[in-house]
J.: 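Take a look at this one; I'll ask things after.
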There are 2 protein chains.
Amino acid sequence: MPKYVYRFAEGDMGQKDLLGGKGANLAEMAKIGLPVPPGFTITTEACRAYMRDGEVPPELRVEVTMALREIEDTLGRRLGDFHDPLLVSVRSGAKFSMPGMMETVLNVGLNDASVKGLAEFSGDDRFAWDSYRRLIQMFGKTVLDIDGDLFARALDDKKSAVGASTDVDLSADDLQDLVTTFKGIVQDATGREFPQHPREQLEMAIAAVFGSWNTERARLYRRRERISNDLGTAVNVMTMVFGNLGETSGTGVAFTRDPSTGHSGLYGDYLSNAQGEDVVAGIRNTLPLADLEQLDPTSYGELLQAMRRLETHYRDLCDIEFTIERGKLWMLQTRVGKRTAAAAFRVATQLVDENLITMDEAISRITGAQLSQLLFPQFDGDAAKELLTTAMAASPGAAVGEIVLDNAQALERTQAGASVILVRRETNPDDLQGMIVASGVLTARGGKTSHAAVVARGMGTTAVVGAEEIDVDVEAKEVRVAGRVLHPGDVIALDGTTGEVFLGDVPVVDSPVMRYVSDGLEAGLAACEDDAMRELLQAVDRVMRHADAVRRMRVRANADNADDARRARARGAEGIGLCRTEHQFLGDRRVHIEHVVLAEGDEERLAALETLLPLQREDFVELLEAMDGLPTTIRLIDPPLHEFLPDLTELAVKVALANADGGADARDVRLLAAVQRMHEQNPMLGLRGVRLGLKIPGLFALQIRAIAEATVRLREAGKDPRPEIMVPLVGSVRELQIIREEALGILAEVGAAAGTELDLPIGCMIELPRAALTARRIAEEADFFSFGTNDLTQTTWGFSRDDVEGAFFADYLENGVLTISPFETLDADGVGALVSSAVTGGRSTKPDLHMGVCGEHGGDPESIHFFHDAGLDYVSCSPFRVPIARLEAGRAAALNREDATA
Amino acid sequence: MPKYVYRFAEGDMGQKDLLGGKGANLAEMAKIGLPVPPGFTITTEACRAYMRDGEVPPELRVEVTMALREIEDTLGRRLGDFHDPLLVSVRSGAKFSMPGMMETVLNVGLNDASVKGLAEFSGDDRFAWDSYRRLIQMFGKTVLDIDGDLFARALDDKKSAVGASTDVDLSADDLQDLVTTFKGIVQDATGREFPQHPREQLEMAIAAVFGSWNTERARLYRRRERISNDLGTAVNVMTMVFGNLGETSGTGVAFTRDPSTGHSGLYGDYLSNAQGEDVVAGIRNTLPLADLEQLDPTSYGELLQAMRRLETHYRDLCDIEFTIERGKLWMLQTRVGKRTAAAAFRVATQLVDENLITMDEAISRITGAQLSQLLFPQFDGDAAKELLTTAMAASPGAAVGEIVLDNAQALERTQAGASVILVRRETNPDDLQGMIVASGVLTARGGKTSHAAVVARGMGTTAVVGAEEIDVDVEAKEVRVAGRVLHPGDVIALDGTTGEVFLGDVPVVDSPVMRYVSDGLEAGLAACEDDAMRELLQAVDRVMRHADAVRRMRVRANADNADDARRARARGAEGIGLCRTEHQFLGDRRVHIEHVVLAEGDEERLAALETLLPLQREDFVELLEAMDGLPTTIRLIDPPLHEFLPDLTELAVKVALANADGGADARDVRLLAAVQRMHEQNPMLGLRGVRLGLKIPGLFALQIRAIAEATVRLREAGKDPRPEIMVPLVGSVRELQIIREEALGILAEVGAAAGTELDLPIGCMIELPRAALTARRIAEEADFFSFGTNDLTQTTWGFSRDDVEGAFFADYLENGVLTISPFETLDADGVGALVSSAVTGGRSTKPDLHMGVCGEHGGDPESIHFFHDAGLDYVSCSPFRVPIARLEAGRAAALNREDATA
């Protein structure tokens, strides 16, 4: 028999799964003796039972009775009593905060009789009737599902009738009239009178909170925030306390320290003679919390003590809600306070300085996502900006460009050299072309998982979505917003981190944190404009230095040329995990590959390859020089060769038209024949990677020779080049064995000629399920493994990123098949299972086999923790993400140490 | 310290890995007391050590000394003795027979001195010198690597010089002269004289046999026969016995029973006063073995007894080689005799009738491949045929057609309605188009793993390859063979089972065995032309009935329409494992899919789908009626919808040309836009299967409704339809859950309207690695799993069959990455590991979860055994392969029972 009800003092903060976040923290406060109004929490398990069975479990009723009676006995008040009634609030409280999504009912226990008792107890008729009015309104809307406008209109009518401008101007009699009107609304809408029995009110309110878990908007919110639908919510039932019982009462919010600098001390706002609702409504201006010291020194002192107690207990910045009822302080809520990215760094280091936490704890509280926010370029804070609207920040960055409304405009303007922002009502796969060339994407509809958001994040393009104030009229070629009418060609600016949309060109400045991670602390400090930023940089530097000190995994970068390599190295990369050599075959060199493809016979092909040798050697000399002394993994050519040739359909049309017009160019005809011959139905699953190396003699040999000769050249110049040769797309140990044999021959030959031993590591990508499944065998021929989790994700799921990300990922995020793109964060259940099994398999053959990951997941925080746990030696990611990976690798190690200690 | 040398009596027939096939059988004969000449076997382990170290292990020399001395002591003769020399043969003997691939040296121990001893012992100078001459010739060629033509020419010169027409006409003096000449050849070629020391001869011969394992031709043979290069060969050293020592000597081969009918009794051939070589050379006609009874009744009696002993011991048909040396019988070799497919059935059932083996053993000795040979149509045995040449049978069947030499001719003639045979020197990926339309493929070059062979087997096209007598002259448009000159348009016929190529049209007849499996025993017997065939049919019937009785796995068929379903059912299919509904959207109905694709908005699309409902319902009524009472798994539509639309490039060219010519058809323009929009880089990894069902509302619903309504219709007609709904390409349990919910709704609705409960099983394909890896979860929503091993192979290996089978499989079979196409036989290490893990995962959630396979592997013998061991409940294969699958499923069960007993 499960226990469905926990008195506050029975739980603790570790029980968020069972008691929800709010309930667990209330329990913790009660446990450490802080003044929490008596109450209890109904577990999420009860909610799950309610969802499963469609009704409140009967045992719950009994447990609620027991808990309620205890409160009544303690306080000497009874729920709905005629004289001194106990009133309670009923609030939802899920494991994860879902602000505004779910239901709250206050003042439960009021009825036609107890309202008089409340008036008696408070000595304030107006207060009592206003409280009753609020209960009926809230209960009607929330529990009885009556259209809220009916109550709002009746309230407005009453104000008009008595000439009151605000609610406050209504008298006790006016409010008593309103109660009668409201009860009439309930009677009309539900066919029965407003429930007078306090216990019935309570039970209906509890069921309504349970039910609110599954409203459409709550489900939508959870999909967006990737919260499971199965969790359910807890329900907190708490004795009502009132901050609006005169000048000795009040309500406020407080932080245990400055949430932006981290400096210790009490920060917050206070409003006397008010309830929480009033603070939200903003009727009166709040006071700084410090003023409470004059107003009510006793309560202030108690509050200070409570806050200090809380911070010592949670060892983190907490925020709270409190109420003072006639000079008595009550703590209504606490939680570890939310903070900005900058504050996270500052608060954490301040807590260390105060000896409240260790550096290990500090870095485990700061996320790579927070660091990443600090790295993006930002709009110049000093520049004059005209804000058009603020919507959902879907993909970070700062983008400025001309408005375009469709693909054609986007292509035309970008080809003319313009930077463009694609503005659409919403996007769908047809808009891909435009999204690819645009600097930013702005949509009027859709959330963080809409097509526009998913695709833009995938491409790293700045995006703001769901800007509902914007009216996109494609017919009229107009964008209407904030009373303005914009046209294609007008310039706007998007802030993908804040969701702001500005009119006109806004200057973009690099972030000093980016300057710091790229050029070091001195340069970063020099770029700072104020002390706060300098303090932040110092905090970031401390955090990064600790992360570097504790992490087990090395961080490398994916870089294809010396420039990128230098950039990555400056940001702390300890090697190159992936150099994609095919990128060196693009541009002017494409023609060489055409020669290789069009070659007739081995001799012609080898001659064509020969022309590439000096070019490749030069590439590698530059790259290895830039990475002098650090491991540099060079992947042999991977994509199918036809990717270097023109598009089949375009070429076929060109040749057909030219033929119709008198005769096509002979070279085009030959090229078309080659393209047709090499055309593949599924190039991703075709003749690429090691298959190409085995099929086209001399291709891999050329690259291996170039690597070997570059190594010799640099060694002769006194350098320490450390290339590692990586074979792509291996599915069987035999493939690797053949290439390895060939490579060893070339290395021996080049080494012998130069009088040096070229014992370069030779390893392979693990990017096919079969490679992962047969890793034990493959390890026999491999000096290292590098997980290619992009391709591994494609084959494990059987979808190609190019084809499906835009086509149906948005649907899949909506319908819950995916909670995040598996190309963003590693799919631990599927792809991760293969990674783990390959690690085990590889190490069973070679216990010290060096392993890393070079897919894009190498820069994703959640995935980095997976790789740490899986036992990899390094992650490799884009140069931009190197600092993030360093931090997350450090956090993974620190968290593991904490787990081990705990 | 390994033991490298086994005296014959030390080993047994279980040690084929260590002693090779020949050595293990010699050991077994020695063990059961049959007269085997004294000798010993050097293990394959010694060969592997030789390959690894490049030299004979020193311990081996010592062990050989010990074994040799034992023989010498037993026989009282010494190797190379002046008077009564011991001579030995040195023969290779690998685990798997590799006829003609490896080396043998006879008469080792003869030299200038012992030749005289042999003459003395045999009383026959000519015999002694001829033996010495043979040793030098064989040793020179095999061990010393001297061009064999040098010896052959010298022999011819001698015959010319003395006017001898055959070797036999040479006198002892002539042969002694030849020995001198041969020794001169050895001196000239090697710079040293022919080794006179017998032990040196022996050691060189042993090393030469080891070395012969790695000759180019041996490696080529093993690649073709899929024998591992790592096994190595054993070496058998055996005392020479001579069948050519006069009329009381002789040599022969014998079978323990008639290898074609299976009837018990002694069958074979005998040649008196001869050696094995002479039988092979065919100088004199052999005698039926029965004649030996008159010639040498004692030896004949001993032989009869030995054969009976052998058969009782091996409990199978054995063949042997024997020699009678001056009235003394010696057994030189035995093995379980090879037999034709027909003989396999007859021998096995005969052995059962004689109570030598059980039916379980009988069926485990007959393979599905043998049954399949009996099922193919054959050329009419009575028809006059002109044989052009015989080459390698690469892909079975009987094909007749006009010769075409290239793709263009192939397409032109088949479009004109002709059946064509593509004749090429060899094929490469450029020839695919022609291969696809051809009825048969004939090449002059290449083996069973050549491009032509691999691709033809993959497509089920008859092929004969490596017909080296054929000269294909594309320039002259001629095919020259057997003195004839053929031209395109001339008709030839290929027998893909025998490798024969005939001139002209040859009538093709169905096999009576095919008649039997399709229409039953009566019909099969009626189609037989002779008693032998009738006996064969009876044997096949007994075997099939036993296989059906013992197998655990059910056999279903893949069939898309009622005709195929009936055919499959007639052949014993116990259900349909895969009905591909997309095949029902082809032809005239393609236009409906075009409407679905071109529909603008949900309403138009649902209307377009609506028109398909009655058609689909009719399809399912017919199919389910044909399979009345049997499970019928219907897969919802799988391929991307653009597969039903025209080809992008063709359409683009058409529209471009029409535009240049005044303006394209509006419908074409609209269609082109749709095709472009839906174009996928990798359709195999695109919007297909369940993704399509989730993306296009109403598509799966239409099919599920059609299934439901068809079921209702048939139930109302008193039938017992048993459809199972199968969801393709599931990668996540949530996908299945959503479709399942939708399906349950439709089934409930249609069922309620008809007053019947439609509790149809709903399951899914397991054809993505992720589905296999998360099978435990997917099983929560699945009533059954069906492994789609074609797609699973594609994603596990990361190659698409369309793209790679022709492009590089031939290379991969040559270089040893593949030993067989993983689309033919399941890749147990990779794909199989996923299957096993999915079985375990699925059954951990639902211990009784029904599981089968519907990929093409379901009809492949080796794969069927894998599926049996993995614990599947059924296999589903093409109707043609149903009987083969029944047999193999029975064998798998029988073999398991034997293992359990053993």
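Note: hydrogens, waters and symmetry copies are ignored here, and every other heavy atom, side chains too, is used. Lettering of chains follows the sequences in order, A, B, ..., and the numbering in each one begins at 1.
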J.: Nearest 0.5 Å, what's the OG1-CG distance between B/Thr649 and A/Asp647?
T.: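 Interatomic distance, B/Thr649 OG1 to A/Asp647 CG, rounded to 0.5 Å: 7.0 Å.
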J.: Give, as side chain, backbone, both or neither, the part of A/Thr774 having an atom under 4.5 angstrom from any heavy atom of chain B.
T.: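 The answer is the side chain of A/Thr774.
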J.: With a 4.5 angstrom heavy-atom cut-off, is it the side chain or the backbone of A/Leu657 that approaches chain B, or both, or neither?
T.: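 Both parts, backbone and side chain.
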J.: Side chain, backbone, both or neither: which part of B/Leu694 has a non-hydrogen atom closer than 4.5 Å to chain A?
T.: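 Contact with chain A is through the side chain of B/Leu694 alone.
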J.: Quick check for you: among B/Ser837, B/Gly816, B/Ala772, B/Ala771, which has the greatest number of heavy-atom pairs under 4.5 Å with chain A?
T.: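 When all of B/Ser837, B/Gly816, B/Ala772, B/Ala771 are compared, B/Gly816 has the most.
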J.: Is there a donor-acceptor pair under 3.5 Å between the side chain of B/Arg734 and the backbone N or O of A/Asn815?
T.: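 Yes, the answer is positive, given that a donor and an acceptor are paired below the 3.5 Å cut-off.
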J.: Assess the residue pair B/Trp797 and A/Ser732 against the criterion (side chain to side chain contact (heavy atoms under 4.5 Å, CB included)); give the C-alpha distance rounded to whole Å, side-chain angles, the decisive distance to 0.1 Å, and a yes or no.
T.: CA-CA 9 Å; B/Trp797 278 91; A/Ser732 150; 4.0 Å; yes
J.: Of the backbone (N, CA, C, O) and the side chain (C-beta and beyond), which part of B/Asp829 lies under 4.5 Å from a heavy atom of chain A, both, or neither?
T.: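 For B/Asp829, heavy atoms of backbone and side chain both lie under 4.5 Å from chain A.
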J.: What residue in A/Ala656, A/Ala833, A/Ala660 has the most heavy-atom pairs under 4.5 Å with chain B?
T.: A/Ala656
J.: Using side-chain heavy atoms (C-beta onward) and a distance below 4.5 Å, is A/Val804 in contact with B/Leu685?
T.: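 With C-beta onward as the side chain, the pair stays apart.
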J.: Report the distance from atom CZ of A/Phe799 to atom CD of B/Glu680, rounding to the nearest 0.5 Å.
T.: 13.0 Å
J.: Crowded around A/Arg740 CZ? As in, over 12 foreign heavy atoms under 6.0 Å?
T.: yes
J.: Identify which part of B/Val690 has an atom lying under 4.5 Å from any heavy atom of chain A, answering side chain, backbone, both or neither.
T.: both
J.: Of all heavy-atom pairs between A/Gly798 and B/Thr795, which one has the smallest distance, and what is that distance?
T.: CA-CG2, 4.0 Å
J.: What do the steps show when you test B/Leu773 against A/Leu834 for side chain to side chain contact (heavy atoms under 4.5 Å, CB included), and what is the final call?
T.: CA-CA 8 Å; B/Leu773 294 163; A/Leu834 286 176; 3.5 Å; yes
J.: So for B/Val817, is it side chain, backbone, both, or neither that comes closer than 4.5 Å to the heavy atoms of chain A?
T.: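 Both backbone and side chain.
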J.: Please round to the nearest 0.5 Å and tell me the distance separating atom CE of B/Met684 and atom CG of A/Asp803.
T.: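 Between B/Met684 CE and A/Asp803 CG, I get 12.0 Å after rounding to 0.5 Å.
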J.: Does the side chain of B/Asn682 reach to within under 4.5 Å of the side chain of A/Pro683, using non-hydrogen atoms?
T.: yes
J.: Give a yes or no answer on whether the side chain of A/Lys695 reaches the backbone of B/Asp811 with a donor-acceptor pair at less than 3.5 Å.
T.: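 Looks like no, no N/O pair under 3.5 Å.
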J.: Heavy-atom cut-off 4.5 Å, strictly under: side chain, backbone, both or neither for A/Ile738 against chain B?
T.: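 The side chain, not the backbone.
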J.: Under 4.5 Å, counting heavy-atom pairs only, tell me which of B/Gln681, B/Gln676, B/Arg677 racks up the most with chain A.
T.: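 When all of B/Gln681, B/Gln676, B/Arg677 are compared, B/Gln681 has the most.
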